Amino acid sequence: MATDLNRCEFIGRLGKDPEVRYTADSNAICNFSIAVGYKTATKETTEWVRITTFGKLAGICADYLKKGSQVFIAGRMTTRKWQNKDGVDQYTTEVVADQMQMLGGRAAEDAPPAAPVKPKPDGGYRAMKEGTFVPMESDFNDPPF
């Protein structure tokens, strides 16, 4: 078992807004599903992948993700057993994510207006408000080691 690997990575889009709940000791749990597609020579298919996040990552997902958001998800696959209202055993396979990266850009209605980009005297560029000058930091001249 020590040489086995349980690692899943997906890029997909949320099918609906994430659902968040909290444990008795205020730990966040966030659930959502992403649509991931693949194409063969003869057909194009979409699979739905259930994602669960815990703790700080769950809070970030709940705050920033919404239906249609494109995300990169990495984590481990798990299957859990639970009982429905009738007492019948049910099984759910999901990815418990430990990494999430938001992809794509902001939607046009959510994006702030872009600041104009003007050339600086030394040839560098920096976004700045109209009529202002912001010098570049001098630490770019220092080596990173």
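Each residue takes its place number in the sequence, starting with 1. These figures come from a predicted structure and were not determined experimentally.
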Between Thr53 and Ala58, the two heavy atoms sitting closest are OG1-CA, 3.2 Å
With sequence neighbours left out, the residues meeting side-chain contact (heavy atoms from CB on, under 4.5 Å) with Ser69 are Leu14, Leu65, Lys66
Run the numbers on Gln90 and Thr92 for side chain to side chain contact (heavy atoms under 4.5 Å, CB included), then give the verdict. CA-CA 7 Å; Gln90 301 285 315; Thr92 300; 5.6 Å; no
If you draw a 6.0 Å radius around CZ in Arg80, do more than 12 non-hydrogen atoms from other residues or ligands fall strictly inside? yes
Residues Phe32, Glu19; criterion side chain to side chain contact (heavy atoms under 4.5 Å, CB included); working and verdict: CA-CA 6 Å; Phe32 54 94; Glu19 298 172 2; over 6 Å; no
Do Ile51 and Phe54 land in one hydrophobic cluster if side-chain heavy atoms of ILVMFWY residues count as linked below 4.5 Å? no
Any Ile34 side-chain heavy atom under 4.5 Å of Val36 side chain: yes
hydrophobic_cluster_shared for Tyr22 and Leu57, side chain cutoff 4.5 Å: no
CD/Glu47 to OH/Tyr38 distance, rounded to the nearest 0.5 angstrom? 5.0 Å
How many angstroms lie between atom OG1 of Thr79 and atom OH of Tyr91, to the nearest 0.5 angstrom? 10.0 Å
Tyr64-Val71 co-clustered via ILVMFWY side chain contacts under 4.5 Å: yes
Close side-chain approach of Val49 to Met77, heavy-atom, < 4.5 Å: no
Correct closest heavy-atom pair for Asp17 and Lys67 would be OD1-N, 2.7 Å
Same cluster or not: Met102 versus Ile73, using hydrophobic residues (I, L, V, M, F, W, Y) connected whenever any side-chain heavy atoms lie under 4.5 Å apart? yes
Heavy atoms of Gly68 and Arg13 approach each other most closely as O-NH1, 3.0 Å
Show the nearest heavy-atom pair for residues Gly104 and Gln70, with the distance to one decimal. N-OE1, 4.0 Å
Between Asp89 and Gln83, do the side chains contain an N or O donor and an N or O acceptor separated by less than 3.5 Å? yes
Do the side chains of Phe10 and Ile60 join up, straight or via other hydrophobic residues, at under 4.5 Å, putting them in one cluster? yes
Which heavy atom of Thr46 sits nearest to which heavy atom of Ala35, and what is that distance? CG2-CB, 3.7 Å
Chi angles and distances behind the side chain to side chain contact (heavy atoms under 4.5 Å, CB included) call for Asn31, Arg21: CA-CA 9 Å; Asn31 294 305; Arg21 62 187 191 282; 2.5 Å; yes
Kindly give the heavy-atom pair with the smallest separation between Cys61 and Cys30, and that separation in Å. CB-SG, 3.9 Å
Side chain to side chain, Thr93 and Arg50, heavy atoms closer than 4.5 Å: no
Between Asn84 (side chain) and Asp86 (backbone), is there a donor-acceptor pair under 3.5 Å? yes
Supply the atom-to-atom distance Thr52 OG1 to Ile29 CD1, rounded to the nearest 0.5 angstrom. 8.5 Å
